[in-house]
Number of protein chains: 2
Amino acid sequence: MPDTHTLGFMMDRIRALLTVIEEGSVNRAAVRLRISQPALSRQMQALENELGGKLLERETSGVKPTALGHALVRSMRPLVADYKAAVAELRRQARGERSELRVGYLISAAQSVLTPALARLRESHPEVKLKLHDLSPREQIDGLRAGELDVALIGQEGAVAASEFYSARLGSLGVCVAVAEGGELATRPKIALKDLKGCDFIGIDEEQMPGRNQWMSALCKTAGFKPRFSVVVDGITNVLSLVASENAVTLLPAYFQEFKHPGVTFVPVPDARAKWDFTVLWQRGKVPASTRALVQELKEAAARFA
Amino acid sequence: MPDTHTLGFMMDRIRALLTVIEEGSVNRAAVRLRISQPALSRQMQALENELGGKLLERETSGVKPTALGHALVRSMRPLVADYKAAVAELRRQARGERSELRVGYLISAAQSVLTPALARLRESHPEVKLKLHDLSPREQIDGLRAGELDVALIGQEGAVAASEFYSARLGSLGVCVAVAEGGELATRPKIALKDLKGCDFIGIDEEQMPGRNQWMSALCKTAGFKPRFSVVVDGITNVLSLVASENAVTLLPAYFQEFKHPGVTFVPVPDARAKWDFTVLWQRGKVPASTRALVQELKEAAARFA
DNA sequence: CAAGGGTATGCGTATCCGGCATAACCGCAA
DNA sequence: TTGCGGTTATGCCGGATACGCATACCCTTG
């Protein structure tokens with residue numbers, strides 16, 4: 001005997017019992033529930049059998065809950081309410097009426113384009129409630145996969161996940177190379193990719209920045225060589241520290257030129273093909289209007305920015 | 001098309017979906033749910049129709065939840081867990097395995113018998129969790145009716161509700177009469193009921209102390225007269241204030257002699273039939289062992305007290 | 001291109017639920 | 001007492017429906 005009966009069926013019976021107790025009468029509850037009185041009567045008997053105790057005191061003038069019946073009401077009424085609310089929310093969501101929009105981004109990378117886009121979204125869709133999550137690229141992808149994010153703003157790493165989600169390229173930044181402050185390279189105003197041939201490269205952990213090392217390799221390949229990754233570490237800060245201490249190099253999106261790191265200089269890379277794509281990813285399937293709106297604003301903001 | 005479908009049925013489907021997503025496969029989930037794979041497959045389709053959106057991404061190697069599916073899991077998994085816990089608790093309760101015992105009492109009246117009984121209950125049934133509620137008689141009866149109390153310790157008022165619940169008389173106290181301090185009656189060591197003939201009686205609001213006025217009337221009837229209630233007020237403190245200011249009287253259980261109220265003297269009533277019964281009420285139906293134990297201890301404590 | 005994993009579908013059947021008619025029960029009034 | 005109006009419970013039957021079986025379909029892999 002599968003206990004499949006003991007779940008959904010009981011739920012119906014419980015819901016029925018709630019109205020029976022509200023009405024104080026099987027008869028009146030039956031009309032409200034649009035079923036016949038005998039049917040409802042039997043439902044109550046079934047529920048009492050399932051639970052193993054009387055729930056209603058049958059009297060000549062109607063029914064009255066027993067102590068057990070009261071206990072059931074107390075524990076179940078909020079559950080039923082929550083359940084109905086949850087179903088309603090899911091229905092809205094299925095129709096693409098999400099009012100909450102969960103956005104993942106990396107503050108250092110996304111700020112310049114995200115901030116104006118959000119400002120305009122607030123004007124055009126003031127009803128949308130935003131939840132912003134400052135996350136690493138890897139966390140953003142995981143968040144999308146787990147359904148915890150609706151939109152992710154991500155760099156080159158997005159390429160590895162683009163097939164799982166809808167995506168749009170927002171724009172391209174230039175590339176710079178991080179070199180040790182003391183070295184010869186640090187004095188140049190710019191460094192072509194081919195000049196990096198033979199340098200030690202610092203890689204970054206694939207877990208945190210998926211696709212980043214491949215991106216570097218691909219860039220170097222356009223310059224005709226294969227980079228040698230002497231070390232792979234986790235965390236961009238550690239990468240930069242190693243650049244300084246090991247007198248090595250690494251490739252980064254151009255916005256790093258705005259930052260500072262002790263012992264490290266960022267030098268632009270002029271190669272035309274050295275580009276850092278900036279991507280927005282969002283959930284596949286029925287796309288909520290709010291998501292669509294944000295993506296649109298992002299595209300426009302990126303276009304203005306370029 | 002009664003929406004009765006949209007409640008319990010969906011609950012089953014949702015529960016099924018949860019295991020499908022856990023297993024990542026309709027096949028394996030079907031095994032766990034002890035139904036066939038086609039049945040489960042159709043259940044998932046039905047649920048998707050109900051909600052109006054895809055929940056599962058069907059792939060060659062199994063199924064993967066969509067964003068909507070993830071949202072469903074997030075909102076429903078805790079609900080299902082709560083539901084199952086609630087049902088389990090109700091089952092236990094139906095079998096009479098309540099571990100929580102909610103006791104209503106009136107501190108001034110019940111202390112002498114309740115305290116020792118509780119002490120012994122703690123020894124003999126240490127697993128019982130007690131919740132004590134200091135409530136007026138009316139509140140206690142309402143609490144019993146609403147299933148919010150398991151046991152009520154109550155005075156003469158219990159008579160009016162005795163038919164609704166199980167009850168036991170714990171014992172009888174004597175009666176005293178409250179008289180104004182200045183009057184002639186106040187000087188006597190005791191006052192027979194018949195001496196109160198012609199006095200103004202202060203009644204108490206039936207809402208708060210149901211049956212109290214009837215009790216006074218019945219006592220006076222044994223002495224051959226009918227009391228005249230000049231005023232009926234709510235709250236025992238107000239009753240005593242009026243006794244003082246109106247030079248009236250009222251009948252009370254003997255334990256009031258221990259208390260003080262400005263301008264009022266409590267004089268014992270010697271009549272043999274002037275008794276204040278002390279009653280314990282508890283929920284009808286299947287009586288939990290804990291309730292039975294407390295009632296037993298109360299009886300013994302009362303017997304020792306007498 | 002067959003094999004082997006997955007999910008979806010067509011069809012017959014058994015189950016189970018609900019409605020109708022009616023019984024049983026109670027309180028009240030004539 | 002006997003009816004009357006109200007309640008809940010029961011017998012019986014018909015119809016919806018959900019399941020299982022067999023099979024189709026689809027994709028990846030050898």
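In what follows, every chain begins at residue 1, and chains take the letters A, B, ... in the order their sequences are listed.
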Residues, nucleotides or ligands: over 12 heavy atoms within 6.0 Å of B:Arg292 CZ: yes
Atom-pair distance (CZ on A:Arg28; C1' on D:dG6), nearest Å: 11 Å
Pairing of B:Glu157 and B:Arg212 as salt bridge, 4.0 angstrom limit: yes
Salt bridge A:Glu50-B:Arg91, side-chain N to carboxylate O under 4.0 Å: yes
Rounded distance (Å) that lies between atom P of C:dT7 and atom NZ of B:Lys64: 14 Å
Short side-chain N/O contact from B:Asn27 to OP1 or OP2 of C:dG5, under 4.0 Å: no
Whole-Å distance separating the CG atom of B:Leu33 from the P atom of D:dC19: 11 Å
A:Glu164 with A:Arg145: basic N within carboxylate O range, under 4.0 Å: yes
Neighbour count above 12 (heavy atom, 6.0 Å) for A:Arg138 CZ: yes
Residue met sooner reading DNA chain C from 5', once A:Gln37 and B:Val63 are mapped to nucleotides: B:Val63
Protein-nucleotide distance (A:Ile35, atom CD1; D:dA9, atom P), rounded to Å: 13 Å
Members of residues 55-62 of chain B that approach DNA chain C, where some heavy atom sits under 4.0 Å away: B:Arg58, B:Thr60, B:Gly62
Backbone of B:Leu55 reached by a side-chain donor or acceptor of B:Thr66 within 3.5 Å: yes
NZ/NE/NH1/NH2 to OD/OE distance under 4.0 Å, A:Arg77 and A:Glu22: yes
Nearest-Å distance for atom pair CZ/C1', residues B:Phe9 and D:dC19: 13 Å
A:Arg34 CZ to C:dG19 P, straight-line distance once rounded to whole Å: 12 Å
Note: B:Glu148-B:Arg102 ion pair, threshold 4.0 Å (strictly below): no
Strand-adjacent residues in residues 38-46 of chain A, judged by heavy atoms under 4.0 Å from DNA chain D: A:Pro38, A:Ser41, A:Arg42, A:Gln45
Whole-Å gap separating P (C:dC16) and CG (A:Asn49): 14 Å
Spacing between B:Leu47 atom CG and C:dA8 atom P, to the nearest angstrom: 13 Å
Side-chain donor-acceptor contact under 3.5 Å, A:Ser172 with A:Asp277: yes
Mutual orientation of the aromatic rings belonging to A:Trp276 and A:Trp215 [parallel < 30°, tilted 30-60°, perpendicular > 60°]: perpendicular
NZ/NE/NH1/NH2 to OD/OE distance under 4.0 Å, A:Glu100 and A:Arg92: no
Net bend of the helix from C:dC1-D:dG30 to C:dA30-D:dT1, end axes of five pairs each, nearest 10 degrees: 0°
